[in-house]
Structure formats: structure tokens, C-alpha cells
Novice: 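Sharing a structure below in C-alpha cells format, with a few things to ask.
By convention in this document, chain letters (A, B, ...) are assigned in the order of the sequence lines, proteins followed by strands, and residues within each chain are numbered from 1. Not measured: the values here are computed from a predicted model.
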2 protein chains.
Amino acid sequence: MLSKKTQYAFHALIHLAENQDKGPILISEIAQEKNISIKFLENILLELKNAGILGSKKGKGGGYYLMKPPKEIALAKIIRLLDGAIALLPCVSLNYYERCENCKDEAICGLNEVMSKVRDASLKILENKTLKDILTRQVTI
Amino acid sequence: MLSKKTQYAFHALIHLAENQDKGPILISEIAQEKNISIKFLENILLELKNAGILGSKKGKGGGYYLMKPPKEIALAKIIRLLDGAIALLPCVSLNYYERCENCKDEAICGLNEVMSKVRDASLKILENKTLKDILTRQVTI
DNA sequence: CATAAACTCTATAAAAAAGATAGACTTATT
DNA sequence: AATAAGTCTATCTTTTTTATAGAGTTTATG
């Protein structure tokens, strides 16, 4: 399960993407719109900024904005940034690998093999789907 | 990421499956073989027993054993039992659903749509792969 | 039937992670 | 100068995870 942090990040990014034309967006606006604690959201947006995903402007008329078009922001990147590994086991993680301490040889471990497949199946989606793909779908009347 | 509890459960089940012919297996044997704290493992095996996956025999010559053939024990079942939801978001979980508190309408939420796909991709593997599929692969000389 | 072996059960504790809050500071606009 | 807004660091609370303790129960067996 993704942490609240990552969940909030997605919702904030969605709001920013859907309001790109309006210039910098206030933290407080996002917090209110998405029902998130403003102080908690502050930390999250800052992390996204430090990772180069968001930009910000201080002072009056300031706020946060996307640094790249939504279609260039992969969902996997956000998850890894805020939650760490996407894989179900450390011994199968591409970015946060750790040796398995319970099995004798990962190369012949069947669990390792299956969990690698789960990782690949998830990544196939999360690496290719972007912020653009999770914007609110327009309902055609 | 799966909890240690679930990871240990998998390793314990693997050991039990690979030694099915030897009658009940001691907790202490599994703990030593798989490098797991014996007391922690005790709790895990008990949970697996209460869920009907393992059986046990008390007293001398006792221990734990599988209640079903390995090919009938799906990996998804073990994860759900010990870790809960497999989905990345509560609003997308089949067994542990919770309403999304940050979006206005799940039906048109793009995040919900993508995460449903991730869930399905993971479940396709985890519901179909069983304990039999994660046993140590025999290396043919 | 006594003994020892082994699982059972409940409680608790320690550690880590998650979630949230506080407040002083800096920058920018008007 | 005043105000609006992000920045930064620290701290705190709660929850979850991981682990341990110990008394209780069951069973085999000599």
C-alpha cells in the first residue's frame, strides 16, 4: 500500500496539472481542495521541488507549479521518491536492492523469481503511465 | 513492500513444502534453517494455522505441516492474511476497500483507473502462482 | 503416570515508520 | 514597510512492525 505521503503527492500533482494555466498555485488551495493537512502537504511539495519535479515562487502571487509537462512525469518516479521501492521484496528491487537473509541462493529461489515478475508487471504500468494519464477523465455529455 | 511477517511466512511455507515427507516439522528447525527469530515465527505459524493453511501436532514428535498440497496455496492468500491489501490504494482494493477521501468521484478518477490496472496485473500473478511455484528450483547438472 | 517435548495463548515491550504540527526564517510584491 | 507566500528544521504523537516473555496445554513414551 502506498503511504499517505505518496497518495497526497499524487492528488497535489493532479491539481497542479489541472490548473497549469493559472500560474503558481497556493499550498493552501491544494490542501483545501484535496482535503489534506496544510503543514503536511508543505513537506511533500518541498520534497517534490527538491527532486526537480516542482518549481516554486515565493512571496505574493507565489506558489507551486510543475517543472515539466504532465506527460513527462512517470508515476513510478513519484512512488520511488516518496515511498522507496516498488517491488514487494528487497531482494527483487531494482532501485533499493538488499540481499535476502532468509534464503541461501537468490539465483535459484522461486520466490525471488515470482516476485520479479510481479515487479515487472507493475513497473510496465507505473513507468509508462504519467501524470497526464491520471488527470480527471472528462465525462462527455 | 511486504512485511517481514509475510516474508518469513513464505520462507517457512517453502521449508514445510520441501520437507512434507518428513512428518511434522519443528518451529525451531524452520527458525534455524531460515534465520528467523523463533518466537516471532511462532506467532506467524499460529496465524497460518488459524487460517487453515497449516496443521500442527503438539508434544513430542509434534510440529507443523501443510494442510493442503502446495499447488493449492495461492501466494495472494498468504499476503492478504498477513499483510492485508495487495492493491496500492485503499480505493482500489478488492478485499480491503476504503473510500478515497481526497478525490471527488472515484468513477472518473484517473489515479483510481491506473491503480486498478496495477492491482490486476499483480493479482494475475499472485492469484495464480502457488507455493509449488516458489519452491527452490532444482539445478539440473 | 511422570517427564519432557512441543505447540498455544496472551500480554507486553521496543523500535521504527508514518503522519502531523510548530515556528522562526527568507524572499518577493506592492 | 507591510504582507503574502514558500523554506527549513525540529519535534511530537500515533500507529505499525518486529520481537520477546512466560505460563499453559497437549502428547509421546519409558
Side-chain angles (χ1 to χ4, degrees), chain A residues 1-9 11-12 16 22-32 34-67 79 81-85 88-90 96 98 101-102, chain B residues 1-9 11-12 16 22-32 34-67 79 81-85 88-90 96 98 101-102:
Chain A
M1 196 77 83
L2 298 178
S3 67
K4 287 279 181 191
K5 214 165 162 181
T6 300
Q7 294 180 40
Y8 292 164
H11 287 288
L16 288 170
K22 303 201 184 107
I25 306 290
L26 298 186
I27 299 179
S28 58
E29 177 185 321
I30 304 173
Q32 186 168 20
K34 297 293 187 171
N35 195 29
I36 304 172
S37 146
I38 184 170
K39 273 296 193 178
F40 195 29
L41 183 57
E42 231 179 72
N43 296 316
I44 296 167
L45 295 181
L46 203 50
E47 258 184 276
L48 290 169
K49 188 203 157 170
N50 292 334
I53 293 159
L54 296 183
S56 69
K57 193 183 171 208
K58 286 184 178 180
K60 195 164 187 176
Y64 280 96
Y65 49 88
L66 297 176
M67 288 294 277
I79 296 177
L81 177 66
L82 298 170
D83 257 14
L88 293 180
L89 296 179
Y96 299 86
E98 278 174 53
E101 283 165 355
N102 308 113
Chain B
M1 195 78 82
L2 298 178
S3 68
K4 286 280 182 191
K5 213 165 161 181
T6 300
Q7 294 181 40
Y8 292 164
H11 287 288
L16 288 170
K22 305 204 183 103
I25 305 289
L26 298 187
I27 299 178
S28 57
E29 177 185 320
I30 303 173
Q32 186 167 19
K34 297 294 188 171
N35 195 29
I36 304 171
S37 144
I38 184 168
K39 272 299 195 176
F40 194 29
L41 184 56
E42 232 180 72
N43 295 317
I44 296 167
L45 296 181
L46 203 50
E47 257 185 277
L48 290 170
K49 186 201 160 171
N50 292 335
I53 292 160
L54 296 182
S56 70
K57 193 182 170 207
K58 286 185 178 179
K60 195 164 188 175
Y64 280 97
Y65 48 88
L66 298 175
M67 289 294 278
I79 296 176
L81 176 67
L82 298 170
D83 258 13
L88 293 181
L89 296 178
Y96 299 86
E98 279 173 52
E101 282 165 355
N102 309 112

Novice: Name the nucleic acid region contacted by I25(A), choosing base, sugar-phosphate or nothing; use a 4.0 angstrom heavy-atom cut-off, strictly under.
Specialist: sugar-phosphate
Novice: Check this one for me: any side-chain N or O of K57(B) less than 4.0 Å away from OP1 or OP2 of dA28(D)?
Specialist: yes
Novice: What is the separation between atom CD1 on I30(B) and atom C1' on dC7(C), rounded to the nearest whole Å?
Specialist: 12 Å
Novice: Name the closest nucleotide to the K4(A) side chain, picking from dT18(D), dG19(C), dT26(D).
Specialist: dG19(C)
Novice: Rounded to the nearest angstrom, tell me the gap between atom CG in L41(B) and atom P in dT20(D).
Specialist: 12 Å
Novice: In whole angstroms, how far is the P atom of dT10(C) from the CD atom of E47(B)?
Specialist: 13 Å
Novice: Of the listed nucleotides (dT27(D), dG23(C), dA19(D)), which one gets closest to any side-chain atom of K39(A)?
Specialist: dG23(C)
Novice: Could you say whether G61(A) or K60(B) is positioned toward the 5' end of DNA chain C, judged by the nucleotide with the nearest heavy atom to each?
Specialist: K60(B)
Novice: Closest heavy-atom contact between Y65(B) and S56(B)?
Specialist: OH-O, 3.4 Å
Novice: Any N or O donor-acceptor pair linking the side chain of D83(B) to the base of dT16(D) at under 3.5 Å?
Specialist: no
Novice: Round to the nearest Å and state the distance from L2(A) atom CG to dG19(C) atom C1'.
Specialist: 15 Å
Novice: Between I30(A) and L45(A), is there a side-chain heavy-atom distance shorter than 4.5 Å?
Specialist: yes
Novice: Looking at L41(B) and I27(B), what are the two nearest heavy atoms and their distance?
Specialist: CD2-O, 3.8 Å
Novice: On a heavy-atom basis, which atom in L82(A) and which in A9(A) lie closest, and how many Å separate them?
Specialist: CD1-CB, 3.2 Å
Novice: Measure from CD1 on I27(B) to P on dA19(D) and round the result to the nearest Å.
Specialist: 16 Å
Novice: Which one, dT18(D), dT8(C), dT21(C), comes nearest to the side chain of S3(B)?
Specialist: dT18(D)
Novice: When the nearest nucleotide of DNA chain D is assigned to I38(B) and to L26(A) on a heavy-atom basis, which residue is associated with the more 5' position?
Specialist: L26(A)
Novice: Looking for any heavy atom pair under 4.0 Å, which part of the strands does L45(A) touch: base, sugar-phosphate only, or nothing?
Specialist: nothing
Novice: Take atom CE in M1(A); do more than 12 heavy atoms of anything else shown fall under 6.0 Å from it?
Specialist: yes
Novice: Measuring to OP1 and OP2 of dT8(C), would you say a side-chain N or O of K49(B) lies under 4.0 angstrom away?
Specialist: yes
Novice: Taking only the side-chain nitrogens and oxygens of S56(B), find out if one of them lies under 4.0 Å from OP1 or OP2 of dA6(C).
Specialist: no
Novice: Please determine if a side-chain N or O atom of Y8(B) lies less than 4.0 Å away from the OP1 or OP2 oxygen of dA19(D).
Specialist: yes
Novice: Below 4.0 angstrom from OP1 or OP2 of dG19(C), is there any side-chain N or O of S37(A)?
Specialist: no
Novice: Ignoring hydrogens and angles, tell me if any N or O in the side chain of D83(B) forms a donor-acceptor pair with the backbone of L2(B) under 3.5 Å.
Specialist: no
Novice: Which nucleotide, dT21(C), dC8(D), dT8(C), lies nearest any side-chain atom of F40(A)?
Specialist: dT21(C)
Novice: On DNA chain D, check which nucleotide each of G59(A) and N50(A) is closest to and give me the residue with the more 5' one.
Specialist: G59(A)
Novice: When you measure from the side chain of E42(A), which nucleotide among dG23(C), dT21(C), dT25(D) comes out closest?
Specialist: dG23(C)
Novice: Expressed in angstrom and rounded to an integer, what is the separation of K5(A) atom NZ from dT15(D) atom C1'?
Specialist: 16 Å
Novice: Provide, to the nearest angstrom, the distance between the CG atom belonging to N43(B) and the P atom belonging to dT12(C).
Specialist: 15 Å
Novice: Of the nucleotides dT26(C), dC7(C), dT10(C), which one has an atom closest to the side chain of K58(A)?
Specialist: dT26(C)
Novice: Between dA18(C) atom P and M1(A) atom CE, what is the distance in whole Å?
Specialist: 13 Å
